[in-house]
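Here is the structure we will look at, set down as structure tokens.
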Amino acid sequence: MGAHDVGAYVAHTGTDVYGPGKVIGADGEWRRVRFVYFVATIAVRDLRTASAQEEGQVRAWLTQKAVRHGGQW
């Protein structure tokens, strides 16, 4: 799996307004990302691999959502 494939933990290269996120879809050079604060479609060039701390934030957020709402996030 590549750094920006579905399931990868990522962050935006230029802003932290989105928070870290997880790639949930791919279409060519675009990735659909479930960020902690938003869902957005972002160009691959504007994403970087999340740090271990950022990945931990996303994993904790997803766990909280799953407990609260059930299902897969």
Side chain to side chain donor-acceptor pair (under 3.5 Å) partners for [X], two or more places apart:
{"X": "Thr15", "value": "none"}
{"X": "Thr13", "value": "none"}
{"X": "Glu54", "value": "Arg48, Ser51"}

Can you name the residues that form a ring-ring contact (aromatic ring centres under 6.0 Å, His included) with Tyr18, not counting sequence neighbours?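 With neighbours one apart ignored, the set is His12, Phe35, Phe38.
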Please tabulate, one pair per line, all N/O donor-acceptor pairs under 3.5 Å involving side-chain atoms of residues 23-33, not counting sequence neighbours.
from	atom 1	to	atom 2	distance (Å)
Arg31	NE	His4	O	2.7
Arg31	NH1	Gly28	O	2.6
Arg32	NH1	Thr41	OG1	2.8

With the 4.5 Å side-chain cut-off for hydrophobic clustering, are Val17 and Tyr9 part of the same group?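 Val17 clusters together with Tyr9.
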Is the shortest heavy-atom distance from the side chain of Val36 to the side chain of Pro20 under 4.5 Å?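 Yes; the side chains approach each other to less than 4.5 Å.
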Any chance you could lay out the side-chain contact (heavy atoms from CB on, under 4.5 Å) test for Trp61 and Lys22, step after step, and finish with the verdict? CA-CA 11 Å; Trp61 184 85; Lys22 183 176 182 180; over 6 Å; no
Inter-residue atom distance His69.NE2 - Gln64.CD, 0.5 Å rounding: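 Nearest 0.5 Å value for the NE2-CD distance: 10.0 Å.
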